[in-house]
Amino acid sequence: MNVHEYQAKSILAQYGVPTPAGGLALTPIEARQVAQGLDADRFVVKAQVHAGGRGKGGGIRVVNTVDEVQAAAKEILWMNLVTHQTGPEGKLVRKVWVEGATDIARELYVAVVLDRGAERLAVIASPYGGMDIEEVAAKNPEAIFTTWVEPGQPLWPFQARRLLFSCGLQGRQVTIGTAILKGLVQLAWEKEATLAEINPLAVTGGGELVALDAKINFDDSALKRHPEIADLADPEETDPLEREATAQGLNYIRLDGTVGTMVNGAGLAMATMDVIKMAGAEPANFLDVGGGASEEMVATGFEVILSDPNVEAILINIFGGILRCDTLAAGVVGAARKVGIEVPLVVRLEGTNVEEGRKILAESDLSFEVAGSISEAAAKIALVAGGAS
Ligand code: ADP
Ligand code: MG
């Protein structure tokens with residue numbers, strides 16, 4: 001689960017990380033009032049959306065007066081903010097965060113991220129903060145420093161010091177920076193965060209360290225243990241199709257390709273997306289209808305796929321086990337009758353009750369192609385949904 005910058009900063013503050021004072025505003029007038037209450041001579045107005053790259057996209061403005069705060073908030077609120085993380089469709093800005101502007105001498109990058117391969121937390125730091133860390137990693141990999149933390153252990157001061165020296169910090173800054181990194185690690189353990197990132201961690205003109213941006217991702221599967229974190233969810237930031245699917249108990253993630261997919265089992269769904277890509281097309285979604293899906297759930301899944309206007313074709317890949325092929329077929333036929341299918345359909349069915357399933361499909365008035373294997377299915381789908389070579 002993702003949270004907004006302002007929520008992430010409030011959590012960081014609980015772990016002793018210095019952040020600028022500020023307040024949330026839903027209207028330009030409120031933004032002005034927040035600024036009036038701040039002890040600052042310049043202000044920053046920041047779009048609150050679940051995406052980074054806001055600065056480059058025009059969602060962040062540094063201004064000098066409360067009048068300018070109000071004017072900037074007027075421009076940013078309700079804008080459709082497009083950044084490299086929102087995709088071309090952008091995100092509607094519903095709230096802004098107003099904080100005092102910091103006098104920045106240098107911008108660092110620091111983060112704690114769950115390193116699944118290493119089965120530990122990785123603590124990462126770079127003297128090149130403020131920009132895309134992916135770009136730094138590509139162009140300047142030697143400027144990214146990493147250390148690892150054993151499960152349940154704190155970050156040891158010597159580890160923190162080594163990272164901070166590598167970023168060019170000295171003296172008191174190293175002491176403050178060590179406390180910040182230790183706080184991030186403690187946060188990640190206690191709140192079961194998979195990412196806690198500060199980019200930039202500013203070194204101010206006066207030599208202080210301040211977190212100017214914050215991003216935290218939490219492990220969805222652990223949210224039950226952290227109701228105070230689950231409460232921070234912003235349903236408006238979730239794709240409406242994903243919201244609908246989740247409410248129906250479906251495991252659906254929207255992607256930006258053109259091939260809708262309906263698969264049972266997360267592993268098979270991932271493999272299906274891989275073969276679609278290998279065949280030269282792009283999946284429009286991940287959908288695992290699960291082992292015990294009912295006919296209604298299959299029908300709902302189908303409706304969700306069809307509600308995505310980018311979908312040009314649908315690939316159904318079912319290996320019937322607990323979810324029997326006839327149940328799946330009946331669900332698909334039911335949904336097709338209800339919502340109407342105007343896009344090509346490729347079906348690959350195997351496993352329990354496959355003959356009954358094929359029969360239901362064949363006897364329906366649905367037009368579809370049958371594929372004997374997963375690679376044949378992907379090749380057929382790529383022919384109708386773009387990109388086949
Ligand atoms: P994003 O990463 O989404 O672009 P940031 O919060 O990192 O958003 O802001 C982008 C840039 O704006 C920062 O790298 C920093 O240079 C500047 N900035 C952000 N907050 C402040 C602040 N409080 N004071 C001064 N500059 C800021
Ligand atoms: Mg940032």
Side-chain angles (χ1 to χ4, degrees), residues 2-13 17-25 31 34-66 68-69 72-73 75-77 79-87 90-113 124-137 143-144 167 180 184 193 195-217 234 237:
N2 238 323
V3 296
H4 287 291
E5 173 199 0
Y6 76 94
Q7 297 165 320
K9 279 180 166 166
S10 135
I11 297 169
L12 287 184
V17 177
T19 57
L24 194 67
V34 170
Q36 277 166 341
L38 293 175
D39 177 24
D41 46 11
R42 285 185 313 140
F43 307 94
V44 190
V45 182
K46 312 182 78 175
Q48 296 299 293
V49 291
H50 285 187
R54 296 163 301 162
K56 280 189 197 150
I60 296 196
R61 296 271 301 275
V62 182
V63 296
N64 294 310
T65 65
V66 295
E68 286 172 11
V69 167
E75 279 172 32
I76 295 173
L77 278 165
M79 82 184 278
N80 192 47
L81 181 59
V82 179
T83 81
H84 68 280
Q85 289 187 7
T86 61
K91 282 205 153 189
L92 186 63
V93 181
R94 293 183 166 87
K95 36 199 166 194
V96 290
W97 172 252
V98 181
E99 64 187 15
T102 302
D103 163 28
I104 303 173
R106 286 179 56 205
E107 297 191 340
L108 312 179
Y109 174 97
V110 299
V112 172
V113 55
I124 302 169
S126 172
Y128 297 108
M131 46 189 114
D132 259 348
I133 199 65
E134 290 81 5
E135 203 180 313
V136 181
I144 295 183
C167 291
I180 292 174
L184 284 183
L195 171 75
E197 179 189 77
I198 304 176
N199 186 25
L201 175 65
V203 181
T204 70
E208 302 295 326
L209 295 182
V210 187
L212 294 191
D213 191 8
K215 176 174 179 171
I216 309 182
N217 284 340
D234 183 345
E237 287 290 321

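Each ligand, and each atom within it, is numbered from 1 in the order the structure gives. The first residue of the sequence shown is numbered 1, and numbering continues consecutively from there. Since the structure is predicted, the reported quantities are computational estimates derived from the model, not experimental observations.
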Before you tell me yes or no, could you show the steps for Asn2 and Lys215 under side-chain contact (heavy atoms from CB on, under 4.5 Å), namely the whole-Å CA-CA distance, both residues' side-chain angles and the distance that decides it to 0.1 Å? CA-CA 8 Å; Asn2 238 323; Lys215 176 174 179 171; 4.2 Å; yes
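For ligand 1 and Glu99, the ligand atoms under 4.0 Å from any heavy atom of the residue are 20 (N), 21 (C), 22 (C), 23 (N). Close contacts between ligand 1 and Pro200 involve ligand atoms 7 (O), 13 (C), 14 (O) [criterion: under 4.0 Å to a heavy atom]. Taking every non-hydrogen atom of Gly100 and a distance limit under 4.0 Å, the qualifying atoms of ligand 1 come out as 23 (N). Near Gly52, the atoms of ligand 1 lying under 4.0 angstrom from a non-hydrogen atom of the residue are 3 (O). Set against the non-hydrogen atoms of Arg54, the atoms of ligand 1 under 4.0 Å away are 1 (P), 3 (O), 4 (O), 5 (P), 6 (O), 8 (O). Heavy-atom proximity to Asn199, at under 4.0 Å, picks out these atoms of ligand 1: 7 (O).
At least one side-chain heavy atom of Asp213 sits less than 4.5 Å from a side-chain heavy atom of Glu5. Contact annotation: the side chain of Ile180 approaches that of Pro18 to within less than 4.5 Å [non-hydrogen atoms, C-beta and beyond]. Taking 4.5 Å as the limit, some side-chain heavy atom of Leu209 sits within range of a side-chain heavy atom of Val203. Val49 has its side chain out of reach of Leu92: every pair of non-hydrogen atoms, C-beta onward, lies at least 4.5 Å apart. Under the 4.5 Å side-chain criterion, counting only non-hydrogen atoms from C-beta, Tyr128 is not in contact with Ile144.
Closest non-hydrogen pair, Thr83 versus Ala51, comes out as OG1-CB, 4.2 Å. Across all non-hydrogen atoms, the minimal contact from Tyr109 to Asn199 is CD1-CG, 3.4 Å.
Here Val44 has side-chain heavy atoms under 4.0 Å from ligand 1, and that is the only part of it that gets that close.
Heavy atoms from other residues, nucleotides or ligands lying under 6.0 Å from OH of Tyr6 number more than 12.
The shortest heavy-atom distance from Gly22 to ligand 1 is not under 4.0 Å.
For ligand 1, none of its N or O atoms has an N or O atom of Glu5 under 3.5 Å away. Of the polar atoms of Val62, none of the N or O atoms is found under 3.5 Å from an N or O of ligand 1, judged by distance alone. Between Lys56 and ligand 1, no N or O atom pair is found at a separation short of 3.5 Å. Residue contacts with ligand 1: Ile104 is placed with no nitrogen or oxygen under 3.5 Å of a nitrogen or oxygen of the ligand (distance criterion only). For a threshold of 3.5 Å applied to N or O pairs, the pair formed by Ala101 and ligand 1 contains no separation below that value.
Nearest to atom 24 (N) of ligand 1 among the protein's heavy atoms is Thr102 N, 2.8 Å. Protein heavy atom nearest atom 18 (N) of ligand 1, with residue, atom name and distance: Leu212 CD1, 4.3 Å. Considering only non-hydrogen protein atoms, atom 19 (C) of ligand 1 sits nearest to Lys46 NZ, 3.5 Å. In this structure, the protein non-hydrogen atom closest to atom 4 (O) of ligand 1 is Gly55 N, 2.8 Å. In terms of protein heavy-atom proximity, atom 9 (O) of ligand 1 is closest to Ile60 CD1, 3.3 Å. Here the protein heavy atom with the shortest distance to atom 7 (O) of ligand 1 is Asp213 OD2, 3.0 Å. From the protein, the heavy atom lying nearest to atom 16 (O) of ligand 1 is Glu107 OE2, 2.5 Å.
The N, O or S atom of Asp213 with the smallest distance to the Mg ion (ligand 2) is OD2.
Between the OG1 atom of Thr86 and the CG atom of Asn80 there is a distance of 7.5 Å, given to the nearest 0.5 Å.
Between Asp234 and His50, the side chains place no donor N or O within less than 3.5 Å of an acceptor N or O (distance only, hydrogens not considered).
Within the 4.0 angstrom cut-off, atom 22 (C) of ligand 1 has one or more protein heavy-atom neighbours.
Under the 4.0 Å criterion applied to side-chain N and carboxylate O atoms, Glu237 and Lys91 are assigned as salt-bridge partners.
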